[in-house]
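Just so it is clear: chains get the letters A, B, ... in the order the sequence lines come, proteins before strands, and each one is counted from 1.
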Amino acid sequence: MDRSEIITDKFKDLFRDSSQRLEKNSSELINSFRKEAMEQFLALGVPGRENESYKYANLEPWFAADYKSYFIPEQADFKIAEDFKCEVDDLDAYSLVLLNGFFPTLNGTLMELPNGIWVGSLAYASVRFRDIVEKHYSKYALNGKDGLVPLNTALASDGLFVYAPAGVKLDKPIQIVNLVESKEDMLVQHRNLVVVEENTDVELIVCDHAISPQKFLTNAVTEVFVGQNASFDILRVQNELNNAAKITHTFIHQERDSRAVTNNITLHGGMVRNSTYHWLNGTGAESNALGLYLTDKWQHVDNFVNIDHAMPDCTSKQLFKGVMDDFSTASFNGRIRVARDAQGTRAYQNNNNILLTDDARVYTKPQLEIYADDVKCSHGATVGQLDEEALFYLRSRGIHKDEARLMLMFGFAHEVIENIKSEAMRDRMDGLLLQRLRGELSRCTTCVINCEKDLPHC
Amino acid sequence: MLQIKDLKATIEGKEILKGISLEVKEGEIHAIMGPNGSGKSTLAAVLAGREFAKITHGSVKYMGKDLLEMSPEERSKEGIFLGFQYPIEIPGVSMVNFMKTAINEHRKHRGEDPISASDFLKIMREKKALVEIDSALTSRSVNEGFSGGEKKRNEIFQMAMLEPKLSILDETDSGLDIDALRVVANGVNKLKRDDSATIVITHYQRLLDYIVPDVVHVLFDGKIVKTAGKELAIELEEKGYDWIKKEVDSE
Ligand SMILES: Nc1ncnc2c1ncn2[C@@H]1O[C@H](COP(=O)(O)OP(=O)(O)OP(=O)(O)O)[C@@H](O)[C@H]1O
Ligand SMILES: [Mg+2]
């Protein structure tokens with residue numbers, strides 16, 4: 001038996017042994033997807049290096065490791081999560097805490113924000129808002145090639161649910177703090193569903209934060225429906241420990257004249273893989289996929305983006321930037337597909353990288369599949385060092401070489417941050433970026449949060 | 001203040017500066033003119049500490065110290081300022097942050113505390129007025145999207161902020177419209193102190209009507225081939241460089 005079979009077998013056993021417990025704690029709707037999803041996973045397996053889009057992400061060791069399977073939260077966990085009252089300076093946001101992929105609150109698992117937007121636990125929403133969930137759940141996370149998506153469908157039991165009914169406006173962002181905390185090594189699989197109906201506007205800030213040093217593997221799937229003329233922003237800030245692996249799959253389904261922005265900012269993480277899919281399903285839709293990754297030591301950050309222009313007159317932009325230090329590696333794989341009828345498409349892609357050492361590496365690969373003829377499409381990738389002339393310019397004004405280098409890296413990375421919608425968040429991210437570049441961002445610097453309670457293990 | 005002795009430098013193995021000697025004293029204004037490609041910018045960059053040219057011979061003393069031993073940032077903190085012929089655009093680095101960092105490095109060098117936010121704003125305001133630079137420009141990234149003339153004005157703004165001892169202005173006049181030229185030249189004159197000196201590199205006599213030089217040098221093929229008073233600039237404007245080339249050739 002080779003290693004990948006050992007891994008799939010392990011999950012097969014896991015599924016068999018825990019499915020009863022899983023089903024008991026989930027809704028009938030969510031359970032109805034499990035069996036088939038598991039079969040799909042068993043057929044596809046964990047993507048290995050032979051999978052073109054996972055060529056540089058070495059996932060097998062992470063999946064081969066043993067984890068304490070952690071499907072159901074216990075009362076004590078609810079208490080831990082409740083204790084974290086976190087906020088960003090000046091950021092007026094609705095804050096929610098997820099613990100190990102669950103939505104644990106002692107007083108209610110679904111809440112209605114003042115303007116009629118619902119946020120809370122997906123598990124509960126699949127009962128309370130059964131019709132909505134049924135309409136969207138597992139409808140967009142369709143990818144016949146990546147076994148990790150069905151693995152999540154088979155094993156996930158909870159995660160974030162956001163529902164913005166037609167016409168409501170979110171007056172401030174929703175901030176989700178994903179805490180990962182355990183005494184034992186753990187596999188986390190959250191499943192999020194965001195439904196943004198027509199003419200609404202939702203901004204999400206997701207902050208991942210491990211608070212104990214155990215080995216964590218996260219495999220999270222997020223599905224987002226963005227209705228006609230609606231607007232959706234998601235900013236994900238990843239600041240994980242070296243022994244954490246984070247895999248996210250984000251599927252954005254966009255209707256006519258909608259606008260969606262995804263932004264993945266990876267400040268730190270042992271192994272990070274973000275797959276972002278925008279499906280442009282209506283004319284005039286606009287999508288913006290952004291990312292920033294800063295790596296050092298032996299880290300690896302992997303970004304996969306897939307923009308599907310299924311309908312005419314849509315615009316998509318991708319901007320991914322990275323700074324790699326030491327022996328770290330990164331990969332960017334950006335795919336644009338333009339369907340035959342998608343005339344008037346505009347699709348732009350940029351991936352710019354700075355390598356700080358001779359040993360750092362980046363693999364960048366654009367993939368364009370264009371079947372329409374009236375299309376404006378451009379892509380560019382750069383891999384370079386810091387600009388010597390710019391460095392001299394700064395130094396010639398008296399700025400020390402190290403500081404000048406830092407300013408250039410900051411300026412380079414800032415272009416991604418500039419796109420963040422809320423000013424308080426932009427400022428906060430600039431601050432974090434600076435700390436990160438100065439090497440002052442400890443694992444206990446909570447990513448975008450200030451918590452009332454001191455974090456353990458710091 | 002500055003003594004350059006028989007300075008030779010190569011770029012990629014090719015000799016660009018072929019034995020330059022020049023002395024600048026406190027209070028003086030020197031103009032350097034010369035045809036395209038003669039090495040003016042190379043000389044300016046070498047004085048500011050850019051490492052693209054390899055010094056093969058000669059010495060440069062500045063305020064009694066060996067200039068060539070100093071890093072670019074040290075030279076700046078010791079009072080040398082280079083106004084770039086082609087200022088660099090640095091996206092993502094704000095003018096404010098750039099200038100504040102520079103000023104604080106200079107202050108640290110003099111043993112002073114970092115500048116307070118209110119003092120910094122005050123100085124910014126004063127200097128902006130001096131070179132009549134648009135406030136919108138200083139709230140943007142360094143030179144990003146600035147027009148050619150705006151970039152030049154921004155160089156003089158930075159000079160005003162840093163109050164250098166020795167300013168080397170490399171074709172600061174090219175790209176400036178007539179009014180901007182006067183503003184910039186007046187700015188340079190106002191910044192002049194008894195103990196400071198200026199080297200202006202230019203192709204045009206017009207600038208020298210405003211910034212009146214004590215000495216004019218002609219740099220030709222990596223060498224200073226002629227040095228005279230300000231009337232030399234007028235002669236060059238009328239006759240071009242051909243006659244100098246002939247003089248050089250006949251020697
Ligand atoms: N980085 C470089 N690499 C190769 N050659 C260079 C480089 N910089 C300058 N040179 C060469 O050195 C010579 C002198 O250039 P320099 O820019 O000093 O001339 P200049 O006198 O300032 O000209 P201009 O009046 O056009 O500004 C030119 O032949 C130029 O091509
Ligand atoms: Mg020049």
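Side-chain atoms of A:N350 never come within 3.5 Å of backbone atoms of A:L319 as a donor-acceptor pair (strictly under, hydrogens ignored). Looking at B:K152, its side chain does come within 3.5 Å of a backbone N or O of B:E171 through a donor-acceptor pair.
With contacts defined as side-chain heavy-atom distances shorter than 4.5 Å, the pair B:D194/B:E26 does not qualify.
In terms of heavy-atom pairs under 4.5 angstrom with chain B, the leader among A:A390, A:G411, A:A404 is A:G411. Between chain A and the residues B:A45, B:A102, B:S141, the most heavy-atom pairs under 4.5 angstrom are made by B:A102. No other option in B:R75, B:M161, B:R50, B:K77 has as many heavy-atom pairs under 4.5 Å with chain A as B:R50. Chain B forms the most heavy-atom pairs under 4.5 Å with one residue out of A:L408, A:I399, A:I417, and that residue is A:I399. Ranked by non-hydrogen atom pairs under 4.5 Å with chain A, the options B:E155, B:M159, B:M99 are led by B:E155. When A:H414, A:E389, A:E403, A:K401 are compared by the number of non-hydrogen pairs under 4.5 Å with chain B, A:E389 comes out ahead.
Side-chain contact check for A:T315 and A:R346: at least one donor-acceptor pair (N or O, by modelled atom type) lies under 3.5 Å. For the residue pair A:Q299/A:H268, the side-chain donor-acceptor check at 3.5 Å is satisfied.
Residue A:E388 does not touch chain B at all, counting heavy-atom pairs closer than 4.5 Å. Neither the backbone nor the side chain of A:E415 comes within contact range of chain B; no heavy atoms are under 4.5 Å apart. The contact between A:L394 and chain B is made by backbone and side chain atoms together, counting heavy-atom distances below 4.5 Å. In this structure, chain A has heavy atoms under 4.5 Å from both the backbone and the side chain of B:N97. Residue contact with chain A, scored on non-hydrogen atoms closer than 4.5 Å, is absent for B:P164.
One distance of note links CE of A:M429 with CG of A:L432; it measures 5.0 Å at 0.5 Å rounding.
Aromatic ring centres of A:Y393 and B:F84 lie closer together than 6.0 Å.
Note on ring orientation: taking the six-membered ring where Trp is involved, the planes of A:F320 and A:F332 are tilted (angle from 30° to 60°).
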